[in-house]
Asks: 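Got a structure here, written out as structure tokens. Questions coming.
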4 protein chains.
Amino acid sequence: MVSDTKNKKLIYKEKRRKEIAENALDLILSKGLSNFTMDEVAKETGVSKGTLYLYFDSKDSLIITAFGILVERLKNYIGKLIPKETSKEEKAKAIIKLYSKIIKEFPSDDLLRLFEILINSIHNKKRIKELVELFHEYYSQLFELWSEFVPNKTIAIILQAMIDGIGIYKSVGVDFEEGELCPSLEFIIGKIIS
Amino acid sequence: MVSDTKNKKLIYKEKRRKEIAENALDLILSKGLSNFTMDEVAKETGVSKGTLYLYFDSKDSLIITAFGILVERLKNYIGKLIPKETSKEEKAKAIIKLYSKIIKEFPSDDLLRLFEILINSIHNKKRIKELVELFHEYYSQLFELWSEFVPNKTIAIILQAMIDGIGIYKSVGVDFEEGELCPSLEFIIGKIIS
Amino acid sequence: MVSDTKNKKLIYKEKRRKEIAENALDLILSKGLSNFTMDEVAKETGVSKGTLYLYFDSKDSLIITAFGILVERLKNYIGKLIPKETSKEEKAKAIIKLYSKIIKEFPSDDLLRLFEILINSIHNKKRIKELVELFHEYYSQLFELWSEFVPNKTIAIILQAMIDGIGIYKSVGVDFEEGELCPSLEFIIGKIIS
Amino acid sequence: MVSDTKNKKLIYKEKRRKEIAENALDLILSKGLSNFTMDEVAKETGVSKGTLYLYFDSKDSLIITAFGILVERLKNYIGKLIPKETSKEEKAKAIIKLYSKIIKEFPSDDLLRLFEILINSIHNKKRIKELVELFHEYYSQLFELWSEFVPNKTIAIILQAMIDGIGIYKSVGVDFEEGELCPSLEFIIGKIIS
DNA sequence: AATGAATGAGCGTTCATTCAT
DNA sequence: GATGAATGAACGCTCATTCAT
């Protein structure tokens with residue numbers, strides 16, 4: 001019984017933690033990593049600022065948890081889009097379609113903020129270590145996607161880097177010929193997985 | 001004579017401006033955009049904080065100037081490596097070699113910080129506008145490199161995005177098989193410009 | 001009960017706000033509007049500077065609140081002195097006496113500072129708007145005093161302007177024949193309300 | 001000869017001093033006493049900031065000199081308007097007209113700034129002493145104007161205080177019935193000098 | 001467990017004044 | 001005599017973190 005109560009409490013606490021982190025993430029996504037404050041997180045969650053420190057040691061650890069949620073979101077987003085086709089040819093087509101879709105929807109603040117958080121944390125040893133671990137969860141899923149079509153994992157990673165590079169380029173104002181982007185992407189991917 | 005003295009002063013002033021901006025850039029590169037302060041720039045340059053404002057209107061304009069220097073650095077770095085070969089075939093080989101070199105030297109904090117500054121400035125309308133203009137100077141040079149080998153400019157941009165994407169990936173801790181990276185890159189570029 | 005606690009807190013908070021504003025007012029009165037700093041207000045109140053900003057959005061809003069207290073003080077001061085006589089003749093005499101008293105007590109820094117704050121805020125659109133609203137509370141009370149004896153409101157205002165003008169003159173060092181001031185005032189008022 | 005050169009220099013220096021002070025005054029009139037800077041004075045005069053300190057010991061002494069010029073200006077303005085009529089009756093009418101004119105032209109920033117400078121200097125012992133001396137030059141001229149029509153000097157001062165009070169009231173936003181102001185003023189003055 | 005008042009170190013910026021040239 | 005670069009103390013304001021209740 002006692003352990004039941006304890007369990008309930010733990011579950012409640014975990015729920016609360018997540019709620020806070022989600023609000024933090026929303027703020028990070030909308031205002032940028034270095035423009036969001038603990039005050040706002042507290043206000044958004046409807047608790048006092050002190051309460052945040054019952055669930056998180058520091059702003060840093062809140063950022064890390066928020067980052068984890070972002071990674072989870074992106075994983076789910078991609079997961080749903082991953083082609084289930086069995087024939088290799090159809091799968092190839094589906095992948096091209098998938099990435100065209102992703103790219104079309106850029107600038108996705110989500111992806112950009114993911115890199116913002118990562119890049120901004122490079123001088124924070126402790127933080128970057130934890131973030132990179134979470135980030136791995138996200139990209140390893142993507143690399144697998146390519147694995148069937150390319151000679152080795154490194155090429156898979158490079159292709160994924162290309163996609164993210166395009167996203168960042170779009171976000172920071174590189175001017176793509178809007179109509180040319182998807183066909184060009186298809187052209188490139190086609191060449192490689194052929 | 002008078003104009004000589006004036007000229008000397010202007011040159012001196014310009015030199016001072018650059019000195020400050022370079023110190024600012026160093027600090028940005030070493031501590032990150034959101035961790036560097038005017039106090040530190042002053043200390044590093046050996047002047048008082050007030051002096052900085054004789055040369056720059058605001059922290060923002062100092063950041064923009066520092067960014068300009070960074071862009072210039074990257075341009076020079078690339079400029080020196082750009083192949084002068086005339087035969088198309090040799091040029092192709094040279095490009096592959098060039099990018100292998102660039103990638104090998106990553107994680108170059110320079111490139112990463114360039115994107116950090118850009119990404120972090122997205123919520124600052126005035127600043128991002130000026131940064132993007134400077135950024136254009138950098139990447140347009142690169143796009144030209146590819147133009148001979150690809151059907152359109154967009155593909156050139158995508159290839160460059162891929163290179164930058166790899167740089168960012170390396171910087172944030174994606175683990176490339178060190179030995180595989182360059183050959184893989186060559187494989188991809190080869191496929192595309194073939 | 002809950003609402004009781006809440007109430008207590010609100011009252012406490014309001015008390016604190018007032019305490020801060022009163023200290024600010026004291027400083028304004030003693031050092032002048034453009035010489036008082038948030039640091040001093042904090043020190044005087046015995047709190048940290050940051051705390052001030054829990055109670056006031058800005059220095060401006062603190063000034064406005066302090067000004068409100070000053071207006072209130074002046075209103076109370078005048079309120080107590082306002083004649084309750086019913087016969088018009090007696091009331092006239094009482095008014096003359098009232099103003100003689102006010103003038104005798106000059107230079108009242110209070111009144112002078114009231115105008116200092118107003119005059120110094122003329123280039124601050126937002127602030128002056130709020131100050132003038134508060135100022136109205138003060139002088140409309142005074143104008144009524146005269147209304148019974150003069151043909152129109154404008155004359156009432158002018159008479160009040162005269163009183164304030166004398167106050168300012170005394171404060172800035174115009175040398176009145178001390179013994180002549182009150183009789184002269186009585187002479188003038190007598191002429192007008194006759 | 002030597003003394004001639006010296007003289008010339010002195011004259012030149014005095015001219016320069018005045019030029020600087022006039023620019024300072026213009027800035028004070030347009031931006032307010034606590035909003036003008038030595039930088040702006042230098043820029044406006046076309047000299048370096050350091051040069052200002054060859055002509056003035058401090059910002060304070062520049063303010064005092066500028067104040068003197070303002071007083072001079074007001075004296076000239078009034079001087080020109082002072083009635084030269086010989087018959088007492090005509091002179092009375094002329095005075096009423098004169099003050100109607102002055103009041104109509106309010107809010108004259110000039111007069112308001114005169115009081116702003118005075119009021120703001122009350123906590124600056126050295127400065128206020130010098131200002132008051134200059135101020136006397138201005139108002140003593142005005143008091144004489146009334147002297148013929150009133151029983152004593154104090155009443156003359158009070159009437160002048162009334163005029164200045166109206167000016168200040170207008171400047172800080174007291175709402176006069178525009179059409180009523182001059183007739184009311186005439187009514188009051190008429191009553192007193194009758 | 002939760003609060004929210006309080007802190008205090010730190011930030012970007014301003015400006016009267018000085019002084020080597 | 002004139003310069004203008006440099007100073008440095010001060011200012012208003014912010015915010016992650018703490019702690020008594």
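Here is the naming used below: chain letters follow the sequence lines, and residue numbers restart at 1 for every chain.
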Asks: Please give the nucleotide sitting opposite E/dA2 as a Watson-Crick or G-U wobble pair, both distances under 3.5 Å, or none.
Replies: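 E/dA2 is paired with F/dT21.
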Asks: Side chain of C/Tyr53: nearest nucleotide among E/dT13, E/dA5, F/dG12?
Replies: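 Per side-chain heavy atoms of C/Tyr53, the pick is F/dG12.
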Asks: Atom CG of B/Leu27 to atom C1' of E/dG12: distance rounded to whole Å?
Replies: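 After rounding, the reported distance stands at 16 Å.
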Asks: Is the distance from OP1 or OP2 of E/dA1 to the nearest side-chain N or O of A/Arg16 less than 4.0 Å?
Replies: no
Asks: Is the backbone N or O of C/Asn124 less than 3.5 Å from a side-chain atom of C/Ser121, with the two atoms forming a donor-acceptor pair by type?
Replies: no
Asks: With a sphere of 6.0 Å drawn around NZ of B/Lys59, does it hold more than 12 non-hydrogen atoms of other residues, nucleotides or ligands?
Replies: yes
Asks: Could you tell me whether D/Arg16 and D/Glu19 have a side-chain N and a carboxylate O separated by less than 4.0 Å?
Replies: yes
Asks: Go nucleotide by nucleotide along DNA chain E from the 5' end; which of D/Gly50 and C/Tyr12 gets its closest nucleotide reached first?
Replies: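 The residue closer to the strand's 5' end, by nearest nucleotide, is C/Tyr12.
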Asks: Rounded to the nearest Å, what distance is computed from the CE atom of residue D/Met38 to the C1' atom of nucleotide F/dT7?
Replies: 16 Å
Asks: Want to settle it: does D/Asp57 or B/Asp39 sit nearer the 5' end of DNA chain E, counting the closest nucleotide to each?
Replies: B/Asp39
Asks: Go ahead and name the base partner of E/dG10; Watson-Crick or wobble counts if both distances stay under 3.5 Å, otherwise write none.
Replies: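 E/dG10 is paired with F/dC13.
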Asks: Tell me the interatomic distance from D/Lys15, atom NZ, to F/dG1, atom C1', rounded to whole angstroms.
Replies: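 Interatomic distance, NZ of D/Lys15 to C1' of F/dG1: 16 Å.
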Asks: Distance check, rounded to the nearest 0.5 Å: D/Ile117 atom CD1 versus D/Ile28 atom CD1?
Replies: 4.5 Å
Asks: For E/dC15, give its Watson-Crick or G-U wobble partner with both distances under 3.5 Å, or none.
Replies: F/dG8
Asks: When we call it a touch if two heavy atoms are under 4.0 Å apart, what does C/Thr51 touch: a base, just sugar-phosphate, or nothing?
Replies: base
Asks: Below the 4.0 Å mark, does F/dA6 have OP1 or OP2 next to a side-chain nitrogen or oxygen of B/Tyr55?
Replies: yes
Asks: Applying a 4.0 Å non-hydrogen cut-off, can you work out what B/Phe56 is touching in the nucleic acid: base, sugar-phosphate, or nothing?
Replies: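 Here B/Phe56 touches no strand at all.
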Asks: Output the rounded distance in Å from NZ (B/Lys13) to P (F/dT3).
Replies: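 Whole-Å distance recorded here is 15 Å.
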Asks: Grab the CZ-P distance between D/Arg17 and F/dA2 for me, whole Å please.
Replies: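 In whole Å, F/dA2 P and D/Arg17 CZ are 14 Å from each other.
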Asks: State the CG-NE2 distance between B/Asn35 and A/His123, to the nearest 0.5 angstrom.
Replies: 8.0 Å
Asks: By nearest nucleotide on DNA chain F, pick out whichever of C/Glu40 and B/Leu54 is the more 5' one.
Replies: B/Leu54
Asks: If I take atom CD1 in residue C/Ile20 and atom C1' in nucleotide E/dA5, what distance separates them, rounded to the nearest angstrom?
Replies: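 For the pair C/Ile20 CD1 and E/dA5 C1', the rounded distance is 11 Å.
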Asks: Please tell me which of B/Val47 and D/Ser48 maps to the more 5' nucleotide of DNA chain F, matching each residue to the nucleotide holding its nearest heavy atom.
Replies: D/Ser48
Asks: Examine the base of E/dT17 for any acceptor or donor lying under 3.5 Å from a partner atom in the side chain of D/Lys49, and report the outcome as yes or no.
Replies: yes
Asks: Rounded to whole angstroms, how far apart are CG on C/Asn124 and P on F/dG12?
Replies: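 For the pair C/Asn124 CG and F/dG12 P, the rounded distance is 14 Å.
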Asks: Would you kindly give the CG-to-C1' distance between D/Asn35 and E/dC15, to the nearest whole Å?
Replies: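 Distance check: D/Asn35 CG to E/dC15 C1' gives 13 Å.
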Asks: Can C/Glu14 and C/Lys18 be counted as an ion pair, charged N to O under 4.0 angstrom?
Replies: no
